[in-house]
Amino acid sequence: MIWNETKECMSRDEIYTLQSARLAKMVDRVYHNVPFYRKKMQQMGIEPGDIRCVEDVNKLPFTTKDDLRENYPFGLVAVPQSEVTRVHASSGTTGKATVVAYTRKDIATWSECVARVLAMTGMTREDRIQISYGYGLFTGGLGVHYGAEHLGATVIPMSSGNTKKQITMMEDFGATVLACTPSYALHLAEAIEEAGMLDRIKLKTAILGAEPWTDNMRRELEKKLNINAFDIYGLSEVMGPGVAADCLEHKGLHVYEDYFLPEIINPETFQPVAPGEVGELVFTTLTKEALPLFRYRTKDLTSITYDKCNCGRTMARISKFKGRSDDMLIIRGVNVFPSQIEAALLEMGETSPHYMMVVDREDNLDTLEVLVEVDESYFSDEIRELENLSRRISKVLKEALGVAVKVKLVEPKTLERSEGKAKRVIDKRTLY
Amino acid sequence: MIVKQLSVFLENKEGRLCDAIETLSSNGINISALSLADSTEYGMLRMLVSDPESGVKVLKAAGIPAKLTDVICLKAAHKTGALSRILKAFMGKGIAIEYMYAFAAGENASVVMKTSDTEKAIEVIKESDIEAWEAETIYNINA
């Protein structure tokens, strides 16, 4: 079902006209309300009047996660505090979170986007959706929650974790739709299989996101649970889940272009690449009130097509992701940067800051092992002390990263040094 | 009374223990007592050697993390109850025995002991009739 046919099936001309008008209006508003962008535009010698149509977007400055961090927490907010009705946050590169803000209208737009995604999967108000994304500062839980309520479905706000309880509630409440990360869905699927509960649950759809996954993984999940599985994409900086999602055709994720203007650029030259070519995905928000962003660099690598989809929608589609243009990892749905580990070890000061991350997947749950060198002169020769040290490091890293870490102490000078491009990460998962 | 023990951190990797021992022998350092503690991921090799200072140097040069630890060495006769007599001397004195291992030296057995408070342990020994080895004697025990 198409939730908003007038928008989702507009002609390309109509999309162009709508985007151009919204872009010009947004740039004008941002120029007058966000000193950060005004200064940048002045430095580049551009005025709001220079931005009149979609093509003009490449005159605008880029925005990065660092810009958000440097303006922590509310430096880029374009409305008075009284207009902000919600904040969310995600992890940053060096401990400081990236904070995002929403007005009442922003939340309504977000709910509209998520309702479109849910309808696209065939979900209706008759459905019961179990939301097993984390609730809280993470956008996953509440984002899908509001969209599902907007659609009129019955929401089961489970939040993440506690697999046994998840399955019990799924059976007792007759959940027909599951929303969580793809790896957790697979973990749940196997737990359901093991418990022999497959014929007692009524799931028919899974809407999965917050981490990259492959088509093979989708097919495996669909077969295991006898469901249709869909990919939902989003990032808190741009909005949260619901920026794009795939339809039953599974031939790319539809981007809600009436709200977000996508570009694909070469991450080295910053020049646009042709449709179909792989590059970094960049978003300019077109209607966001609280946190409008110019050309936000997602660092996700993908390609785009503007061809009409067999499902009838005209909104551009981005391909499944091909990787990242930075070193960010997504572990259990949490964004992790290797530099966070180095910063935490340096701050702790009890070991050398040399480390190696080993990311793997056991029983469909991501695992993170961090190899840390013991300090040559100050290690203790008591096993108990060394074990305490491992535990302390693991606690510090868990606090810094937001994911559980297994620490392994290794001999000094056995890990590569960071001069040049030391390999700090071994990712054994198949994500792209 | 303080004896310098050579402590070596070993990753659980094939050949690591052999590397350490070989490094010592090729530098003419003799081992008179040895204990190997293990965890799932690494081992801790503790040794009394003929020249602890050089031991640390040659091991570090070979890329094997090593350090010196203060321990005490006590004589225990080859007689039932000898060890318990030693342990009883430490009881109620607020001294924890972190680890311990034994070796034979001449007619007597000996125990190497790492305590939570070496100074205090030495006082206890002086007040008791327990016999301790002098460091120099231990280093040259097999010379």
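Proteins get letters first, then strands, A, B, ... in listed order; numbering begins at 1 in each. Values reported hereafter were calculated over all heavy atoms of this structure, with side chains retained and with hydrogens, waters and symmetry mates removed.
- Taking the ring-ring contact (aromatic ring centres under 6.0 Å, His included) definition, one finds that B/Phe90 meets it with nothing, sequence neighbours left out.
- No side-chain donor-acceptor contact under 3.5 Å links A/Gln130 to the backbone of A/Met158.
- In terms of heavy-atom pairs under 4.5 Å with chain A, the best-connected choice from B/Gln5, B/Glu98, B/Lys13 is B/Glu98.
- Residue contact with chain B, scored on non-hydrogen atoms closer than 4.5 Å, involves the backbone and the side chain of A/Glu387 alike.
- A salt bridge links A/Glu211 to A/Arg361: one of the charged nitrogens lies within less than 4.0 Å of a carboxylate oxygen.
- Side-chain polar atoms of A/Thr367 and A/Glu369 form no donor-acceptor pair below 3.5 angstrom.
- Residue A/Val374 touches chain B through its side chain alone, counting heavy-atom pairs closer than 4.5 Å.
- Of the atoms belonging to B/Tyr99, it is side-chain heavy atoms, and not backbone ones, that fall under 4.5 Å from chain A.
- For a residue to count as touching a neighbouring chain, one of its non-hydrogen atoms must lie under 4.5 Å from one of that chain's; by this rule B/Glu11 touches chain A with backbone and side chain alike.
- Residue pairs meeting the salt bridge (Lys or Arg N to Asp or Glu O under 4.0 Å) criterion with at least one member in residues 21-38 of chain B: none, sequence neighbours excluded.
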